[in-house]
Amino acid sequence: MGELTWGSFFLGFLNFKTEKYVIAENRKLGISFRVFQICVLAYVIGWVLVFKKGYQSREETVQSSVITKLKGVVMTNNTETGLRLWGPEDYVIPPTGEQVFFIVTNYIETPHQSLGFCAESPKVPDGQCVNNEDCAEGEAVVAGNGVKTGLCLNSTGTCEIHGWCPVETGRKPLEALLSKAEIFTIYIKNSVRFPKFEFSKSNVLDTGNDSYLKRCSYDNDLHPYCPIFRLGDLVSRTGHDFQDMAVVGGSVGILIEWNCDLDKDYSQCNPEYSFTRLDMNLNSSVTSGYNFRYARYYKDEAGENYRTLYKVYGIRFDIMVNGRLFSGLSTYVQSSSSPGSGWAPQRYSETCLKATPVLSWLCAYGHPFGRRTFAPV
Amino acid sequence: MGELTWGSFFLGFLNFKTEKYVIAENRKLGISFRVFQICVLAYVIGWVLVFKKGYQSREETVQSSVITKLKGVVMTNNTETGLRLWGPEDYVIPPTGEQVFFIVTNYIETPHQSLGFCAESPKVPDGQCVNNEDCAEGEAVVAGNGVKTGLCLNSTGTCEIHGWCPVETGRKPLEALLSKAEIFTIYIKNSVRFPKFEFSKSNVLDTGNDSYLKRCSYDNDLHPYCPIFRLGDLVSRTGHDFQDMAVVGGSVGILIEWNCDLDKDYSQCNPEYSFTRLDMNLNSSVTSGYNFRYARYYKDEAGENYRTLYKVYGIRFDIMVNGRLFSGLSTYVQSSSSPGSGWAPQRYSETCLKATPVLSWLCAYGHPFGRRTFAPV
Amino acid sequence: MGELTWGSFFLGFLNFKTEKYVIAENRKLGISFRVFQICVLAYVIGWVLVFKKGYQSREETVQSSVITKLKGVVMTNNTETGLRLWGPEDYVIPPTGEQVFFIVTNYIETPHQSLGFCAESPKVPDGQCVNNEDCAEGEAVVAGNGVKTGLCLNSTGTCEIHGWCPVETGRKPLEALLSKAEIFTIYIKNSVRFPKFEFSKSNVLDTGNDSYLKRCSYDNDLHPYCPIFRLGDLVSRTGHDFQDMAVVGGSVGILIEWNCDLDKDYSQCNPEYSFTRLDMNLNSSVTSGYNFRYARYYKDEAGENYRTLYKVYGIRFDIMVNGRLFSGLSTYVQSSSSPGSGWAPQRYSETCLKATPVLSWLCAYGHPFGRRTFAPV
């Protein structure tokens, strides 16, 4: 209506469309409509904000440090190899106090091996022979202990080998030589830090009293901050028996979980421990257990090498740490980092006023009223 | 219209706005509108639900246990240091059967070092000297083998040091002394468990027949559950040559992936292996390879220390495990845990009725009709 | 209105509802409406696409390989145990060049222990006694060094034990014997690869010049690709003092972050290092520090075992690698993998035409105009 000029074209951009509304004055419809709106609002405020704490930010980046230390000694008396004392420097492999470590619970010792000629073990399939043709000279025995010399020994029905002699006589153990290992204690020190929030905590009681940590023992209710576990208790919490596991070994996982809510008190952020057996208990005898071999080398007066070979069975422990931090206060917390130190450790003193629900609510949203103060301790 | 009383104010809340609609009876528009609606519906049902299995829940928390074991021996004959037999207790470092381990493929041996005085190696830049002023007494040689005594030795053009003598004569090796290491076998036992679903599986055939695992060798089609690899094959699957890599060493990653769909048969949840070389093959000679030194300490009759220093070159293996579990049945599966045992292992026998698509669909949604039964084996 | 036949029923499906619109020709309302629309558009294009690069895909799966090597020697002179030279094969535990390693900075040596009978250390609570009843024969001392023989020794007030004698005389060290360890150098080689994008990079300068890496030292501005750190500098970058930490040990985390944008130049993808102390500096003397024990075993002429026990204090380093790769070009990049090699390393030469903004824009979206070519170097 009217000519299409450039002016009216651009003015056309200033028109806009809107829906045409009807105002219904039907009371029944109106009530049900408002009830629906209230439900939505209640869901958002009640469920999402208050119950699920949807206003909180979440932090899953955790820096964790785990140090382990074992205590306890055991004396073993093997009819063949005599008395032997096992201390932590021997039965923890590696002894470095790491997150993953192995504890010897059983062993087969083959003392005084020297490089020479002897019969291969009958247990090695490739070492068995009928005549010399089965033992090609210079060929290593597959999965065996040495290099074939070309001779088939009638006495054992196996090839002669050039290797560390005598070879290990491998019979699968029936009982654990270090059965007393169940009274060993494991001390697990775990410090976690959430760099984004400058929040850090340790699972060890911060006490000046040295003797507490020398005598206490973990208890979920009485001593939650004494992370010292008896080895036997720890295995039994996985649902397995220590003495059964000690014979041929196994693998145990220790999970430490930190689920902390910064809007609650610092004292309510506690570690939770759980224990699980990681290797499946299959029926097959080949696949179960955990063992490996190591050797200690010596030299005699003539400078010749000899060694003691150990086949050790035991339990491998794997400590895993998970951390989650929740907070509706991220902006305030982040600004509380001490100047100069990138990730320096800092501990909170929680002083959020919980006098009235309103102050507490404002506080939770970071409003200056009722706000917490963070004093690095 | 009417006075604004409190009554009419509250009644006003019961009014509500709605858009005014037009019913268009245009057939062309109508067809295209319905076609569009059908497309959206087909996308949601066909793509999101059926193809992408959007109804399934996903579980990426996996508990994994890896145990490794090497077999094989090799005899090396070095003109300088004589015969030496390498067994797994020597060439696997650490010997503990872990997820990350190093296999020696080459070495330089420096036998019978004792603490004393000798010339620094000419390879160390800070050890070179023209006169005694270059060798400040008591100063350690930077990146060197000992502490300077203050003397510059004309014969070598290097400072005299107080250290373990004689020092290592470091020429970079040109061939691998343990080149036969390619026939060594690696056995990798991996057990995975998804705690949320109480689902666990191992990559080792669950057989009572011990000799199978002593003779078999991994083959993707014939022996997928025999996780025994020849070292040479394993390296060649990364696209590199074992003999090349053995000279100065390298780093190899082994990835085991478990992608399991609980709605399919238990036998269709299989591990997949992939192999990759982790260290880049740069042109620079300084940065390539993998080597380190260790020493074995002895005491002579007088109680004096002496040692043998080994510089070993070799291949580091890094085993990584990834797991993902899918299921539309999470609620039923979770309830099938055996009482008393937190995370006890349990295996499924899958009996979901797949007689008709309808039953199978109901089953997939966990409906009692056509439901699976889970019998722990 | 009209009869409801099947025909009109199905035709009814072709009707559809639409809102009734009003075209408002109010200029003020129109202007504000268009301004609002322009703001939304500007937000989507300017912020989401251009600034936050919402069109890019993200890759967080990174394959990383870390190799570490330490250089430096130090001579310690202990009045009790004499001169001792510490080289990397001694003070790095384990010596295998891994991502997690421990450096000895202090130690207590207990030489020439042999299996026999002696008094328990007075430091062990369970070893203290008043009379023989406190020392039940055959019982291991809890957290002690041996097995009780049933005697209470008046001279020390502790039980006699059967164990490695003499026992360690544990006084907590006051100064670090390896205080010169701060001049040791750590070389950290890190190679990362993003398999999805066939992208790989290392933190070591790719130079043919061997001597560069023998003399350089890390500097963020001058030598960002020389990953060689002095131990003392590295600790001081955590905000702590090396000499303080060396006395009783501690735990340090080294984080290497790779944030790479494939749409930018290859040279702008650089590693960033950050350093943090992982163990909290609590006041308690029991929980701080890092130490463990290990033993070296010898045999005398009669074949009897004796050993030297070391309690070592030191710093554990934990190297963590994080990688994130961004790209708007994922489809093109993925197709550039070399045939045959699963995850073979490949480096880019970046040739995206940045002549005009339009070409560059098309390029960024992977359009053939202005497209990059990827030549593996």
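Reckoned from all heavy atoms, side chains included, excluding hydrogens, waters and symmetry mates. Each chain gets a letter, A, B and so on, in the order the sequences are listed, and its residues count up from 1.
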| task | Using a 4.5 Å cut-off on heavy atoms from C-beta on, say whether the side chain of V142(B) contacts that of K71(C). | result | no
| query | What closest approach, in Å, do Y290(B) and G97(C) show between heavy atoms, and which atom pair accounts for it? | reply | OH-O, 3.1 Å
| task | Could you tell me the separation between the CD atom of E89(C) and the CZ atom of F292(B), rounded to the nearest 0.5 Å? | result | 12.0 Å
| Spacing of CZ belonging to R277(B) relative to OG belonging to S191(C), to within rounding of 0.5 Å | 10.0 Å
| task | Kindly indicate whether the side chain of R215(C), heavy atoms from C-beta on, has any atom under 4.5 Å from the side chain of P125(B). | result | yes
| field | Y306(C) portion near chain B, given a 4.5 angstrom heavy-atom threshold | value | side chain
| request: Apply side chain to side chain contact (heavy atoms under 4.5 Å, CB included) to K299(C) and K299(B), showing your working. | output: CA-CA 8 Å; K299(C) 292 218 181 197; K299(B) 291 218 181 197; over 6 Å; no
| message | Could you tell me if D90(C) and Y297(B) have a donor-acceptor pair between their side chains, going purely by distance under 3.5 Å? | response | yes
| query | L115(B) versus chain C, heavy atoms under 4.5 Å apart: side chain, backbone, both or neither? | reply | side chain
| task | Against chain C, work out which of G146(B), G144(B), S32(B) has the most heavy-atom pairs shorter than 4.5 Å and name it. | result | G146(B)
| said: Under a 3.5 Å threshold, yes or no: a donor from one side chain and an acceptor from the other, between R193(C) and T276(B)? | reply: yes
| query | For the atom pair CG (D318(B)) and OG (S64(C)), what is the distance rounded to the nearest 0.5 Å? | reply | 8.5 Å
| query | Measuring from R316(B):CZ to S65(C):OG, what's the distance to the nearest 0.5 Å? | reply | 5.5 Å
| request: To the nearest 0.5 angstrom, please state how far the OH atom of Y298(C) sits from the CG atom of N305(B). | output: 4.5 Å
| task | Kindly indicate, with the supporting measurements, whether the criterion side chain to side chain contact (heavy atoms under 4.5 Å, CB included) is fulfilled by N291(B) and K69(C). | result | CA-CA 9 Å; N291(B) 64 72; K69(C) 190 165 230 173; 2.5 Å; yes
| At a heavy-atom separation under 4.5 Å, does R237(B) approach chain C through its side chain, its backbone, both, or neither? | neither
| Closest approach of R293(B) and P95(C), non-hydrogen atoms and distance? | O-CB, 3.5 Å
| field | Approximate separation, where rounding is to 0.5 Å, of H162(B) NE2 and M75(C) CE | value | 4.0 Å
| remark: Highest number of heavy-atom pairs under 4.5 Å with chain B among V73(C), T308(C), T96(C), D300(C) belongs to T96(C)
| task | Using non-hydrogen atoms and a 4.5 Å limit, figure out which bit of R296(B) sits close to chain C: side chain, backbone, both or neither. | result | neither
| field | Trace of the side chain to side chain contact (heavy atoms under 4.5 Å, CB included) decision for V147(B) with L85(C) | value | CA-CA 9 Å; V147(B) 177; L85(C) 187 85; 4.3 Å; yes
| query | Quick check: are there more than 12 heavy atoms from other residues, nucleotides or ligands sitting under 6.0 Å from CG of L83(C)? | reply | yes
